[in-house]
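Notes follow the structure.
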Amino acid sequence: MPLTAPTDLIALPAHSDARGMLVAIEGTIDVPFSIARVYYILGTERAKRGFHAHRELQQLLISVKGSCRVIVDNGRERREHLLSQPDQGLRISPMHWLEMCDFSKDCALLVLASAHYDEADYICDYPAFVAEAQAQPAS
Ligand code: TYD
């Protein structure tokens, strides 16, 4: 599977039968990075999350239950995605501003990350992010 675009939707291997669905994700095979950290977000109805970018971190967002809207901004353009399929992941590359909103009441958002938690990797100021992103070659 080509995994070249910096931010894209990735089809995850789902095994469905009469018992339900099982989705298995292997680091460096189904996602283009080794998985160092997993976190998940629940109970976010009516709240917005994110509003930051990472300098190095790569992430894959999967709505394993329910749905949410994800806005990804590379400092030049913003793209909006509705995540609602447990067998679909949204890849977030470094230097992409991320906002999450419109969570359904039952939404469970699973995030696979390429590195351990590191506060120093965050850019939380939007104008500073845009300036830094626009100083880099377009991806
Ligand atoms: P925060 O970055 O505000 O979440 P979001 O990106 O959804 O807006 O994180 C909420 C809290 O959780 C904050 O105190 C930092 C902590 N946290 C960790 O300890 N480890 C992690 O891997 C993450 C993502 C957050």
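We count ligands from 1, going down the list as the structure has it; atoms in each ligand are counted the same way.
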So how far is it from Asp30 CG to Leu60 CG, rounded to the nearest 0.5 Å? 9.5 Å
If you measure from NE2 on His96 to CZ on Phe129, what distance do you get to the nearest 0.5 Å? 7.0 Å
Check this for me: Glu56, atom CD, are more than 12 non-hydrogen atoms of other residues, nucleotides or ligands nearer than 6.0 Å? no
Closer than 3.5 angstrom, by distance alone: can the side chain of Arg78 be matched with the main-chain N or O of Asp73 as a donor-acceptor pair? no
Write out each pair where an N or O from ligand 1 and one from the protein are under 3.5 Å apart, with the distance.
residue  : atom   : partner : partner atom : Å
ligand 1 : 4 (O)  : Arg49   : NH2          : 3.2
ligand 1 : 7 (O)  : Arg49   : NE           : 2.6
ligand 1 : 7 (O)  : Arg49   : NH2          : 3.3
ligand 1 : 8 (O)  : Gly50   : N            : 3.0
ligand 1 : 22 (O) : Arg37   : NH1          : 2.4

Any salt bridge between Glu80 and Arg69, counting N to O under 4.0 Å? yes
Distance-only, no hydrogens or angles: does the Ser104 side chain make a donor-acceptor pair with backbone N or O of Ser67 under 3.5 Å? yes
